[in-house]
2 protein chains.
Amino acid sequence: MIENVRQVVTTQALYRMPYYIQQLRVLQEQRIETVSAPKIAELLNLNEVQVRKDFAAVYSAKGKPKTGFNVAELLDSMEELLGYNNSDEAVIVGAGSLAHAIMTHEGFQDYGLKIVAAFDTDADRIGTDINGIKILAADKISNLCRRMKIHIGIITVPAYRAQVVCDQLVAGGVLAIWNFAPVHLSVPDHILVQNENLAASLAMLSNHLKQALGAEA
Amino acid sequence: MIENVRQVVTTQALYRMPYYIQQLRVLQEQRIETVSAPKIAELLNLNEVQVRKDFAAVYSAKGKPKTGFNVAELLDSMEELLGYNNSDEAVIVGAGSLAHAIMTHEGFQDYGLKIVAAFDTDADRIGTDINGIKILAADKISNLCRRMKIHIGIITVPAYRAQVVCDQLVAGGVLAIWNFAPVHLSVPDHILVQNENLAASLAMLSNHLKQALGAEA
DNA sequence: TAGATTGTTAATCGATTAACAATC
DNA sequence: TAGATTGTTAATCGATTAACAATC
């Protein structure tokens, strides 16, 4: 029995992939056909060995000594890996201004994310639509996810509501959750929660400023 | 000469702080006065030693064996550390729907972030305002930042515009940048770039789905 | 007291970086 | 060929976790 031995891509490497993709696209627009790891490392301010390892993890693409890597092939491999070609369907819960921004952001289609329904508890919002996506009553979450075989749920509700919503999504068979609420969500082991904690990012900014400005005092 | 030897808080620990704060607030609402590290660890699905170390990094607060930590004191220390009490002023560049969501999100005020001006290149937007914040012409970035001593810049422009905007912010004396554009930004060493790369988050979701669903095949 | 919990030192783990032989 | 660049093995670094004595 042949195991699928494709090298596992680490979490950190996965985070870097979109930066490689973006940079490779720029190079492609400039009609540059090959690029070396040291060059990419310089452009993205990374270590060249790290770049080479990340590239190696993207299966098919192989580099040539002295020449480097084929830009187009590398780009294809990465886009394939990140699923930019096949679209995943998602629902979004909490139809506030953040949800609005996410739903109207055309870019996500390119990244293989397709939002097919939105949910809210606000009676005034239910029945309306944003960018062509219908807003439904929140009590229909589980049913709709199960019926439509939705695997991604996006949470943009207030913190105190997030766990309840999360449980409903999981009950509906969702396998991955993109959580914008600033709370820890408890989920079964096989479910991935990707936290987009803006409060945590602000903590970084604030801490840096304190250091930078405090140093003068 | 006495050095400031306050234990440095690691990047990872800083990321966890908002979760501690959120959890501590919930406990406080329940009139719970003390809490142990193992309890918090259980609630947030973390290791108890890690929780204790994180708490230790927050200076003043000390735990008592058998009792644990004082919720109110711990909360105060953390909010102080993250600058929730003193407000940092920021400008936002790119007045699209994401900027709109950020500007109308009242929560950021509580986190100590105050957006005082927005910039755009679109003549139709310039002169209007969002949530009471005036939208100004993008060529005024450096001047305004310098004049108002703004230290935080938020970038929500398209990828191809981000580096130019970043340079203008840095020229205006900004020390920390919150970057929502999916590109690497080159900045001098003393400037912090906090990337909020939604494409990278999507990469995580997509990869997890591939694993979870692919395993069946 | 006994035992839960703290704080700290030591061991482990994972990711990054350095060193180096292979190759075009 | 010489030298830039690749791919890989070994060393380093930082963060997490385990082990354990101190304490209320």
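Excluded from the calculations below are hydrogen atoms, water molecules and symmetry mates; all remaining heavy atoms, backbone and side chain alike, are included. Note on naming: letters A, B, ... go to the chains in the order of the sequence lines (proteins, then strands), and numbering restarts at 1 for each one.
Salt-bridge annotation for B/Glu79 and B/Arg25: present, with a side-chain N of the basic residue lying under 4.0 Å from a carboxylate O of the acidic one.
Between the CD atom of B/Glu48 and the C1' atom of D/dC20 there is a distance of 13 Å, rounded to whole Å. Put simply, NZ on A/Lys62 is 13 Å from C1' on C/dA22, counting in whole angstrom units. Whole-Å rounding puts the B/Gln50 CD to C/dT6 C1' distance at 17 Å. Atoms CG (B/Asn45) and P (D/dT17) sit 10 Å apart, rounded to a whole Å. Computed from coordinates, the B/Phe55 CZ to C/dT6 P distance equals 9 Å when rounded to whole Å. Atom CG in A/Leu46 sits roughly 10 Å away from atom P in C/dT16 (whole-Å rounding).
Comparing D/dG7, D/dT23, C/dC24 by their nearest atom to the side chain of B/Pro65 picks out D/dT23. When distances are taken from the side chain of A/Lys53 to each of D/dA10, D/dT6, C/dA15, the shortest belongs to D/dA10. Closest approach to the A/Ala37 side chain among D/dA4, D/dT6, C/dA19 is made by D/dT6 (side chain taken as heavy atoms from C-beta onward). Comparing C/dT17, C/dT6, D/dT17 by their closest approach to the side chain of B/Asn47 singles out D/dT17. In the set D/dA15, C/dT17, D/dT17, C/dT17 carries the atom at the smallest distance from any side-chain atom of A/Val49. The side chain of A/Phe69 lies closest to D/dG7 when the candidates are C/dC24, D/dG7, D/dA15.
Of the N and O atoms on the side chains of A/Asn85 and A/Glu80, at least one donor lies less than 3.5 Å from an acceptor on the other residue. Side chains of A/Tyr20 and A/Asp54: a donor-acceptor N/O pair is present below 3.5 angstrom, by distance only. Counted by atom type alone, B/Ser142 and B/Gln168 present zero donor-acceptor pairs between their side chains at under 3.5 Å.
Looking at heavy-atom distances under 4.0 Å, A/Lys66 makes contact with a base.
Nearest-nucleotide positions on DNA chain C place A/Asp54 closer to the 5' end than the other of A/Thr67 and A/Asp54.
Both distances falling under 3.5 Å, in either a Watson-Crick or a G-U wobble arrangement, place C/dC24 opposite D/dG3. Base pairing of C/dT12: its partner is D/dA15, meeting the Watson-Crick or G-U wobble criterion (both donor-acceptor distances under 3.5 Å).
Contact check, A/Gln12 against C/dA15: no side-chain N or O comes under 4.0 Å of OP1 or OP2. Under 4.0 angstrom from either OP1 or OP2 of C/dT6 there lies at least one side-chain N or O belonging to B/Arg52.
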Query raised in the report: A/Phe108 and A/Trp178: ring-ring contact (aromatic ring centres under 6.0 Å, His included), yes or no, with the steps?
Result: CA-CA 13 Å; A/Phe108 291 141; A/Trp178 199 5; 5.8 Å; yes

